[in-house]
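As the structure lists them, so they are numbered: ligands from 1, and atoms in each ligand from 1.
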Amino acid sequence: MAASNAAERWVDETAGLTTPARVEWCDGSKAEYDRLIEGMLQDGTLLPLNQSTYPGCYLHRSHPSDVARTEQLTFICTTHKDDTGPTNNWMAPGEAKAKVGGYLRGAMRGRTMYVIPYLMGPAGSSMSRVGIMVTDSAYVVASMHIMTRVGQVALSAMRSDDDFIAGVHSLGDLSPDHRLIAHFPEEKLIWSVGSGYGGNALLGKKCHALRLGSAQARQEGWLAEHMLIIGVEDPSGRVTYLAAAMPSASGKTNLAMVEARLPGWRVWTVGDDIAWMHVDAQGQLRAINPESGFFGVAPNTSPKTNPNATRMVRSNTIFTNVALTPSGEPWWEGLTPEPPAGLLDWQGQPWRPGTTPAAHPNSRFTVPVQQCPSVSPNWEDPQGVPISGLIFGSRRSKVIPLVFEAFDWTHGVFLGSAMSTETTAAITGKVGVVRRDPMAMLPFCGYNMGDYFAHWLGMQQRLTRPPRLFRVNWFRRGDDGKFLWPGYGDNVRVLKWMVERIQGGATAVDETPIGWIPRPSALDTDGLGLTQAQLGEALRCDAGEWLEALGDLDQFYAQFGSRLPQPIARRLAETRKQFAA
Ligand code: SAT
Ligand code: MN
């Protein structure tokens, strides 16, 4: 493998700082993966699972304080604080280097420093980008093998000597007191220390593909988004591609591989977490999935909620922090209606029913995309797939209707920018708190979010046929506290409505201040057993509720000062005026 001079130099420098016992360049081969697994089985980093029912599957138990992304320890480090913006933690680059440098100095003593050249995106695509990361965690290397394309394929894709995002990762001492995830967009550099958890440690994912990726995308005129990508096939065989932004642990993976509960309809999986989207020469938005694996939430994944995922994780999967059955199989809440007897919990302790969950609520599976039964045949097309619709979805038990469509691009960007959601176990902190999470990018936008809104607005001028923009909420509850919409496989009914809108079919809609809402009759609810009242409630748009929900939005927008694009502020004012009328 031939690395560029700039890469070699940077690796030497990093080794000088972290002083590992040895440096090993990774080639991404199967033999290398097998060696890593073997080593981890020997040192206890991995436990084997039942190899006859779960061949090639292993269990990793993390440090109990290292189970989710830590947003409060995640920083964007730009020269000017304003370029990071009010929704990100900021630290001056010099200060961050001094601080993290202190944690990294000598951190790899006695350990192996693995050098991982990785490619985000399919080989041969002009949309793909290269990263080189170093790490002292074999678990991270094996996970990167699954999540990205490792080795020569990455080095060959470099467009120049220094065309790579550089990432330093060390477990450090795993103490949250010595943990920091620092991003330096001006230097295409990531320094992450003190955590082995996916979103903090698999640097290709959130750190590169979203935080630095979004900053790079703005400079180069494309979009790096927290979105799944699917192809929806209708009974005529036509496939309409959609991308959907939803916050972490809010159903992206389930929707990405949903099994349609409508005859003749089928959903093809392209990606479940990240979309890189470019405008092609014809003015068509096209998307690639930069990843090659899924890092999905295990709890509540079941034959009922996600049959494809349940099948896909039966082999060649690394599980993290799930529970273990006496027969050596993984288990998590929701997998089976009743927990099997004799479980060990995610920390390896005998589990007693009725206490805390057996699997950690943010326990995960890591599995190659190829294993997904619904994987789209063209998921690695270097040209990407043409996107006809974009969806912004969040988790709100009140106010937000099941689905509605924006009037135009600018209005859709406004709806995305105003998105709010209830927090989940994917981040350390309180669960169920409503917060603004524009485009589901709050934790992932690597620059000033005001500029991000402007960048989104600006994309329109290059799009000859801009995708339709939709807003969804599967999580609305009735007065009895129960979900109003069945969700999961039945979400395809909502996708069908979108496809009909996109393809120009006649569907009945109501025009409201927030956009077009389908009439209950426009949704195919055949065989669902939903009452018209329930459906009406799921789709209801209430002026009073909305005026209250929009209450803090001025304040949220005000943080951006002059960086908030005028069209966004105007849309908010207009929406309010229409509701008040
Ligand atoms: O844990 S990750 O950050 O990798 C996934 C997510 O939270 O969206
Ligand atoms: Mn995610």
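For atom 6 (C) of ligand 1, the nearest non-hydrogen atom of the protein is Ser248 OG, 3.1 Å. Atom 1 (O) of ligand 1 has as its closest protein heavy atom Tyr197 OH, 2.4 Å. Nearest non-hydrogen protein atom to atom 3 (O) of ligand 1 is Arg69 NE, 2.6 Å.
Residue-level check: among N/O/S atoms of Asp273, OD1 sits closest to the Mn ion (ligand 2).
Of all atoms in ligand 1, listed by their number and element, those nearer than 4.0 Å to a heavy atom of Phe295 are 1 (O), 4 (O). Close approach to Lys205 involves these atoms of ligand 1, each under 4.0 Å from a residue heavy atom: 4 (O). The ligand atoms of ligand 1 that sit less than 4.0 angstrom from a heavy atom of Ala426 are 7 (O).
A donor atom on one side chain and an acceptor atom on the other are found under 3.5 Å apart for Ser374 and Thr269. Side-chain contact, Tyr58 with Asn316: no donor N or O sits under 3.5 Å from an acceptor N or O. Thr320 and Tyr197 share no side-chain donor-acceptor pair at under 3.5 Å.
Taking a 4.0 Å cut-off on heavy atoms, Lys252 fails to register as neighbouring ligand 1.
The two residues Ala154 and Arg149 have their closest heavy-atom pair at CB-O, 4.2 Å.
Here the side chains of Arg476 and Leu402 are not in contact, with every heavy-atom distance at 4.5 Å or above.
The aromatic ring centres of Phe556 and Phe560 sit less than 6.0 Å apart. Centroid-to-centroid, the aromatic rings of Trp191 and Tyr103 stay 6.0 Å apart or farther.
Taking backbone and side-chain atoms together, Lys206 has an N/O/S atom less than 2.8 Å away from the Mn ion (ligand 2).
For ligand 1, the polar-atom distance check finds an N/O of Lys206 within less than 3.5 Å of one of the ligand's N/O atoms.
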